[in-house]
Structures are given as structure tokens and as C-alpha cells.
Amino acid sequence: MTPTHASTDSARAVGPLLVLAAMPEESAPVIARLEGPTELRTPFIGGVSAVRGMLAGVESVVVTTGIGIAAATAAATWGILAHAPRAVVAAGSCGGLAADVEVGTLIVGDSFTYSIADATAFGYAPGQVPGGPERHLAPADWADRAEHAAGARAGEAGYRRGLMLSGDAFVTAPLADPLRAQFPGALSADMETTASARTAESLAVPFVALRAVSDLCGPAAGQQFHLEIDLVAEISAAAVEELARSLAG
């Protein structure tokens, strides 16, 4: 390992926790938990904001990225390059895709792919972007840490750990069954997480996700299919806070 790599690794071991959320409603409960919050300047002309403070005793930067793949990629890239975080965690809400996921379920993302990427005609797996891996993976130790945090702070709907899908299309009922067939292990769908995971992986920073289900993609008859965003965001924020607390010891 070169000295440059050694110093970078050392800096990241003590760097802030970078928390990414798409919407202000999703980042608000994380920001509310910060001690000494300070608003940061960003290079963006709009749609992105950042706040730095202490979360459960750990220096953290909370970035509101904006919605979608491109917005998440841009904000995550800036957040990582500007703040050299020890790890990145995606927070907020997601859509429940697995048939046995309920609203309020906390999803611990440990693998990620694109819901609408399709290069299967050229021999790639569903969701795989040419030149990229079939799945973007969270480091096992970080996924275990996030799962422990979820177990401690999940609500009545509990938590699930596994594959999350992302794409620039809302997964409505007509899209849900085809996606379940293509990605039988997928738990959830959103519009940012995989892009953030790919960015973090490209920049050699650990990434994990703790997003809670706000809506079901194609719910079964009789299922509750929606939970207000502020309630869902609180579930996610509590788990992110617990994850930060695990780093403080």
C-alpha cells in the first residue's frame, strides 16, 4: 500500500458519517438529531443542501440530494470528495417490492442494482450496467453493523436485509410483478440508492442503506399500502442514529 493510500484510509477511519436523503422531509429527522448543526455551502445552484453536526457523538454530514439517479450521483460525489467520510449511509423512504414487506419495514440494503437497466441482449444480467458489476455490494461488516442498528430501532413492522432496486421510474402496480419476476430477491425500490452505492464504491468508501417502506408497490388486497413520509423518515433516522452510536464506542 502506498503512503498516499495509507493516509487516505486513515483519514476515512476518523472521517464523518455521510448521510444521504433525497427529500427535505427525509433528511429533517436526521438533522433534528444533530448536536451543533451547521449549514454547509454546496457547489450546486439549487436542490442540494448539507448540514454538519454531531450525531450520537459522531461527526456527521447530512446531505439532501434531490430525487433521482443523476441528483444522487452528483450529490454523493460532492459529499465524498469534499468530506472524506468514513462511510456513506442512504436514509429516508422507499417502496416495498417484496410481497411480504409491510409499510414501516426498515430495509437494510446490502446489495443494489438498477431496476430499469437492461443490457440482457448483450449477455448482461438484469439491472447490470455494461462494464459494471451485476450487484453493488455493501461491505459485510458495515451491513452487519447496519442490521444491528435496525434490530435495535425498527418499529412494529420490523426490518429486512437484502437487495434494493433503484431507477428513474416510480414502481407502480403494473411494474411491480415484472420486477419481482426479474429480481426475485428484491425487497424495495427507490430512485437513488443504487446510484449512491455505485458512487461510493467507485470512490472506495463503504456504503449501506437504512430506508423505511412508505408505500407498497402493487399491494395485495387488504394490505395497508401507505404510511406518511414523516413517520417513515423517523424510523429511518432512528436507525441511522443507532448506526452512528455504534461508531462512537
Side-chain angles (χ1 to χ4, degrees), residues 15-37 51-65 85-98 100-112 137-164 166 186-190 192-193 196-197 200 206-216 224 226-249:
L17 182 66
L18 180 63
V19 183
L20 306 178
M23 298 185 294
E25 296 90 339
E26 295 172 307
S27 59
V30 184
I31 294 170
R33 287 169 162 80
L34 294 178
E35 293 182 17
V51 180
R52 193 172 195 134
M54 299 297 290
L55 180 65
V58 172
E59 187 175 17
S60 301
V61 176
V62 182
V63 179
T64 306
T65 66
R86 66 175 73 186
V88 181
V89 55
S93 66
C94 59
L97 187 62
D100 57 347
V101 164
E102 301 290 343
V103 290
T105 300
L106 188 61
I107 305 298
V108 181
D110 66 5
S111 60
F112 316 91
L137 302 177
D141 56 339
W142 280 94
D144 290 345
R145 188 184 290 270
E147 183 175 8
H148 185 270
R153 300 302 294 270
E156 292 182 5
Y159 74 89
R160 295 283 303 280
R161 173 175 166 174
L163 174 64
M164 301 179 75
S166 304
L187 300 176
S188 65
D190 63 68
E192 299 84 26
T193 304
S196 300
F207 178 90
V208 72
L210 285 165
R211 299 182 72 155
V213 174
S214 59
D215 296 89
L216 299 184
Q224 182 185 0
H226 176 73
L227 196 61
E228 295 301 325
I229 189 68
D230 57 337
L231 300 176
V232 169
E234 282 288 344
I235 295 170
S236 171
V240 171
E241 182 180 36
E242 189 67 27
L243 176 65
R245 184 173 291 108
S246 76
L247 303 174

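Note that the structure is a prediction, hence the values are computed from the model and not measured.
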>> Using 0.5 Å steps for rounding, measure from the CG atom of Leu187 to the CG atom of Asp100.
In response: 8.0 Å

> Do Val208 and Arg145 have side chains that get closer than 4.5 Å, going by heavy atoms?
Replying inline: no

>> Show the nearest heavy-atom pair for residues Ala56 and Glu241, with the distance to one decimal.
In response: CB-O, 3.6 Å

> Can you find a heavy atom in the side chain of Pro16 that is under 4.5 Å from one in the side chain of Arg52?
Replying inline: yes

> Where do Ala146 and Leu210 come nearest, in terms of heavy atoms and distance?
Replying inline: O-CD2, 3.7 Å

>> Using a 3.5 Å distance criterion without hydrogens, assess whether the side chain of Arg161 forms a donor-acceptor pair with backbone atoms of Glu147.
In response: no

> At their closest point, which heavy atom of Pro85 faces which heavy atom of Leu18, and how far apart are they?
Replying inline: CB-CB, 3.7 Å

> So, do Leu243 and Arg153 sit near enough that their side-chain heavy atoms are less than 4.5 Å apart?
Replying inline: no

>> Less than 3.5 Å apart, any donor N or O on the side chain of Arg211 or Thr193 sitting next to an acceptor on the other?
In response: yes

> Closest approach of Gly15 and Arg86, non-hydrogen atoms and distance?
Replying inline: O-NE, 2.7 Å

> Which value, rounded to the nearest 0.5 Å, describes the distance between Glu156 atom CD and Ile235 atom CD1?
Replying inline: 9.5 Å

>> Distance check, rounded to the nearest 0.5 Å: Ser111 atom OG versus Leu163 atom CG?
In response: 4.0 Å

>> Tell me the closest heavy-atom pair linking Ala143 and Ala138, and the distance in Å.
In response: CB-CB, 4.3 Å

> Do side-chain atoms of Thr105 reach the backbone of Glu102 as a donor and acceptor pair under 3.5 angstrom?
Replying inline: yes

> Going through the distances and angles, do Met164 and Ile107 end up as a side-chain contact (heavy atoms from CB on, under 4.5 Å)?
Replying inline: CA-CA 8 Å; Met164 301 179 75; Ile107 305 298; 3.8 Å; yes

>> side-chain contact (heavy atoms from CB on, under 4.5 Å) for Phe112 and Ser166? Distances and angles first, verdict last.
In response: CA-CA 8 Å; Phe112 316 91; Ser166 304; over 6 Å; no

> Out of curiosity, Ser214 OG to Asp230 CG, how far, rounded to the nearest 0.5 Å?
Replying inline: 11.0 Å

>> Whether the side chain of Glu26 engages the backbone of Ser93 through a donor-acceptor N/O pair (distance < 3.5 Å, no angle test) should be reported.
In response: yes

> Checking side chain to side chain contact (heavy atoms under 4.5 Å, CB included) against Val19, which of Val51, Val61, Val62 comes through?
Replying inline: Val62

> Should Arg33 and Glu234 count as an ion pair when the cut-off is N to O under 4.0 Å?
Replying inline: yes

> Looking only at heavy atoms, what is the nearest atom pair of Gly95 and Val213, with distance?
Replying inline: C-CG1, 4.3 Å

